Amino acid sequence: MAREVYQAVTDGILIGGVYALMAVGLTLIFGVLDIINIAQGILVVLGAYLSYELAARLHIDLFIGLLVTVPAMFVVGVAIQWTFIRPLRGRERTSMTLLVSYAVALIIEGILYTVFGPNFKQLNAWYVTESVHVFGFYLPYIYLFGFGLAIVLVAGLYALLYRSRFGRSVRATMQDETAARLIGIDTNRVAAITFGIGVAVTAAGGMVFGATSGGFNPNSGYDLISRLLAIIILGGLGSIGGALAASVFMLTLETVVGVWYPNWETAVFYGALVLVLLIRPTGFLGRQAVRAQ
Amino acid sequence: MTEAVTGAVSEAGPRAGIASRAARPAGALALLAAALLYPVAFPSPVAVNYGVYALIFAAVATAWNVFSGFSGYISLGHAVFFGSGAYALGIAARDWHVSGLGVFALLPFAAAVGAAIALPFGLVALRVRRHTFIVITIAVFFIFQLMAANFSFTGGTTGVAAPFLPWQAATYDDPFYYMALACSAGMIAIAWLIRRSRFGLQLRAIRDDEDRARGLGVRAMRVKLTAFILSGTVTALVGGIWFLYLTQVQPPSGYDPLFDLSVVLMAFLGGLGTIAGPVLGALVIEPGQLYLTARFTNGYLSEILLGAVFLLVVLFMPRGVIPTSAEWIRRFRTRGRPAVPPEAPPREPKGAGSAWTEERRKSDEGRQGLKGRLEASGKTERVGE
């Protein structure tokens, strides 16, 4: 039993890294735009399908394919923000944006169903099927590669946010949009690019998800978004460090619970979410979950 | 909204608004009569089938609106009640060996299960506001879907089947039609009464500014929770009827994420927080969806269109069809004259405060914004103790 638990913990940490990548995108979008992007889950699935198409039709390696899919998803993100989110104004804006992104998710899901059908697909490569033996554990290479990719990208995001001029304007917009505009930051541009970045990371997350999840179809988006929502609320909405910690914690908890109760692993997510909100409605490590009106 | 019955008789004068006030109860009665006669006029099973679904959704959308539309707390978890009502009825009929027409006696049980779920659900979810609230309702929704798929008493992924009803095929839908009609008419009446009542005013005060409402003495949690439980109870009851009509329920059909978005879209399309809005939305969207699904083999087309219509409504008509067209009519009537008549609105002796506030609120909205609105509502009626 102890062995299985160790294995579960290792798996949980490695997959948690991948979820961290997707959750960071979601929490970043929330921090800057005050939007919960319900479409994030289906966008991850879209990213997985893009990788699938590149691999199946053009025989492009999954990781090299990211050079195409990440920019493509960035464009998709900017387009969604520009067309549907930016025009929304007024007091009900936050609720409306949530519903709008839900509608966008529905449209993407319908299109994916129409194009790819309901059959489960899986991404394949040598590193998906082969495993490496470390300290007596079996680890498929993709887990290690995916974790490495997640670390590189999250580090890149950190550098972008905390070491660049653009990052400074993003953080300024997060702190106070009006003040940011007063000192000459083009907040519309910041919002569009941030949304684009938040969506672009789903291309990478989707690739690793598609290779590790043991099959995905357009319906997988619901499962993903509900996990991601639980993670970012747990970590505190808008907190990047919180999202990282919460994804590793939650995924580890899930895999460990899965050792004993395989059917109920997913319930851990929601159970933990409800518990946390009962104790501390703002999540851990979070700033205010509910901003002043 | 308007004190239509008394107002129309006592002050039938030259003012433009009066005619529509008098027309309203008459119009509602005419609509009810039309709805009652619909299965007689169009006896084909397809037409009645559309009618049943449209009325089921009219009832659910109105129930949703009484909580979410009035209080501003957008719930994306009403499928929890709908599915639980269906499951409660199915499981009770199966385990207590109820068959035949006796199953209809279980409908109050389905409603009670809805209430029993709404209480703890509301106590947890209503502690937080805005997006966090929406996200919690989504999470609770997924918990229920997961439970339905994993417990053995819910029949796992195969779900539960309803007992056989010994009715003739040709008129099988008619009793369901009238049940759904009774539910939606009853819920509309409740919504109308709530909107006119002090309770409705408290709900709307919470929507406009919860902290201010609390400061004025509204017991916010109690008010929100009451509306939530009422809404959940009715939704579960309608879920029970839906289950008997469909004769089966599975986890993905009972707890359907599309259900939530459809209901929200119906309310938004017609007009959030209005009485007629969600009904209109349901009567337009549900038959439209059924028609598209039947007409095109691609079942996902209606999903894409639902999303697209939603985006169009939110972007171009964010207040919904009814408030927007009401504004157009008002603008047409008052063209060339100031929108607000110069004379002060009549102060009516009693019960009129809310109506006057409502009108004043509407006309002030553009000029004074939030501040004016709150002052208007604070001045004219004391909210709570």
Side-chain angles (χ1 to χ4, degrees), chain A residues 30 34-36 38 83-84 87-100 102-115 117-118 218-219 222-223 225-227 229-230 232-233 237 261 263-264 266-267 269-271 273-275 277-278 281-283 289-293, chain B residues 68 72-74 76 121 123-125 127-136 138-147 149-151 207-212 252 257-258 260-261 264-265 268 272 298-316 318-319 369-370:
Chain A
F30 176 83
D34 224 9
I35 289 170
I36 289 186
I38 298 286
T83 344
F84 301 123
L88 296 174
R89 294 270 181 269
R91 305 176 47 226
E92 301 298 333
R93 184 179 158 276
T94 27
S95 301
M96 293 299 243
T97 51
L98 201 148
L99 295 170
V100 161
Y102 204 140
V104 168
L106 213 60
I107 295 177
I108 297 177
E109 188 197 343
I111 293 173
L112 286 179
Y113 263 122
T114 313
V115 176
N219 202 33
Y222 290 112
D223 186 42
I225 188 59
S226 44
R227 284 161 187 245
L229 288 176
I232 65 163
I233 289 197
L237 286 169
Y261 307 103
N263 282 342
W264 291 102
T266 328
F269 262 94
Y270 312 125
L273 179 64
V274 171
L275 265 182
L277 288 164
L278 275 175
T282 48
V290 185
R291 289 188 180 179
Q293 300 219 359
Chain B
S68 291
Y73 279 75
I74 308 286
L76 281 178
F121 183 0
L123 279 173
V124 174
R127 286 160 50 96
V128 290
R129 297 182 194 176
R130 306 208 302 159
H131 8 282
T132 323
F133 174 79
I134 307 183
V135 169
I136 302 231
I138 298 177
V140 173
F141 162 76
F142 279 105
I143 293 178
F144 272 78
Q145 197 190 44
L146 197 73
M147 289 200 297
N150 283 341
F151 279 125
R207 179 189 65 191
D208 284 348
D209 189 331
E210 187 165 343
D211 295 321
R212 180 89 66 119
L258 270 181
D260 286 319
L261 202 65
V264 178
L265 172 56
F268 264 93
L272 196 67
N298 177 2
Y300 308 109
L301 187 69
S302 66
E303 200 175 315
I304 298 176
L305 277 173
L306 185 74
V309 170
F310 196 107
L311 288 179
L312 290 176
V313 168
V314 168
L315 290 180
F316 297 110
R319 291 171 54 211
L370 185 65

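Naming convention: chains lettered A, B, ... in sequence-line order (proteins, then strands); numbering from 1 in each chain. These figures come from a predicted structure and were not determined experimentally.
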Largest heavy-atom contact set with chain B, pairs under 4.5 Å, which of A:Pro218, A:Ser226, A:Pro87: A:Ser226
Side chain to side chain contact (heavy atoms under 4.5 Å, CB included) assessment of A:Ile38 paired with B:Ile134: CA-CA 11 Å; A:Ile38 298 286; B:Ile134 307 183; over 6 Å; no
Side chain, backbone, both or neither of A:Ile111 within contact of chain B (heavy atoms, under 4.5 Å):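 For A:Ile111, heavy atoms of backbone and side chain both lie under 4.5 Å from chain B.
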Toward chain B, the part of A:Ile35 with a non-hydrogen atom under 4.5 Å: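 No part of A:Ile35 comes within 4.5 Å of chain B.
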Verdict with supporting geometry, B:Leu76 and A:Leu99, side chain to side chain contact (heavy atoms under 4.5 Å, CB included): CA-CA 9 Å; B:Leu76 281 178; A:Leu99 295 170; 4.2 Å; yes
Heavy-atom pair of closest approach, residues A:Ala103 and B:Gly307: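 Reported closest heavy-atom pair: CB-O, 3.7 Å.
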To the nearest 0.5 Å, what is the distance between [atom1] ([X]) and [atom2] ([Y])?
{"X": "B:Phe141", "Y": "A:Tyr222", "atom1": "CZ", "atom2": "OH", "result": "8.0 Å"}
{"X": "B:Leu312", "Y": "A:Phe84", "atom1": "CG", "atom2": "CZ", "result": "8.5 Å"}
{"X": "B:Leu301", "Y": "A:Tyr113", "atom1": "CG", "atom2": "OH", "result": "15.0 Å"}
{"X": "B:Ile74", "Y": "A:Leu98", "atom1": "CD1", "atom2": "CG", "result": "9.5 Å"}

Partner chain A: residue of B:Val140, B:Val124, B:Leu315, B:Val264 with the largest heavy-atom pair count (under 4.5 Å):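 Of the options given, most contacts go to B:Leu315.
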Options B:Leu261, B:Leu146, B:Leu258, ranked by heavy-atom pairs under 4.5 Å with chain A, top entry: B:Leu261
Proximal component of B:Leu305, with respect to chain A [non-hydrogen, under 4.5 Å]: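 Neither; nothing under 4.5 Å.
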Steps toward side chain to side chain contact (heavy atoms under 4.5 Å, CB included) verdict (B:Ile138, A:Ile225): CA-CA 10 Å; B:Ile138 298 177; A:Ile225 188 59; 5.9 Å; no
Partners meeting side chain to side chain contact (heavy atoms under 4.5 Å, CB included) with B:Ile143 (sequence neighbours left out): A:Tyr270, A:Val274, B:Met147
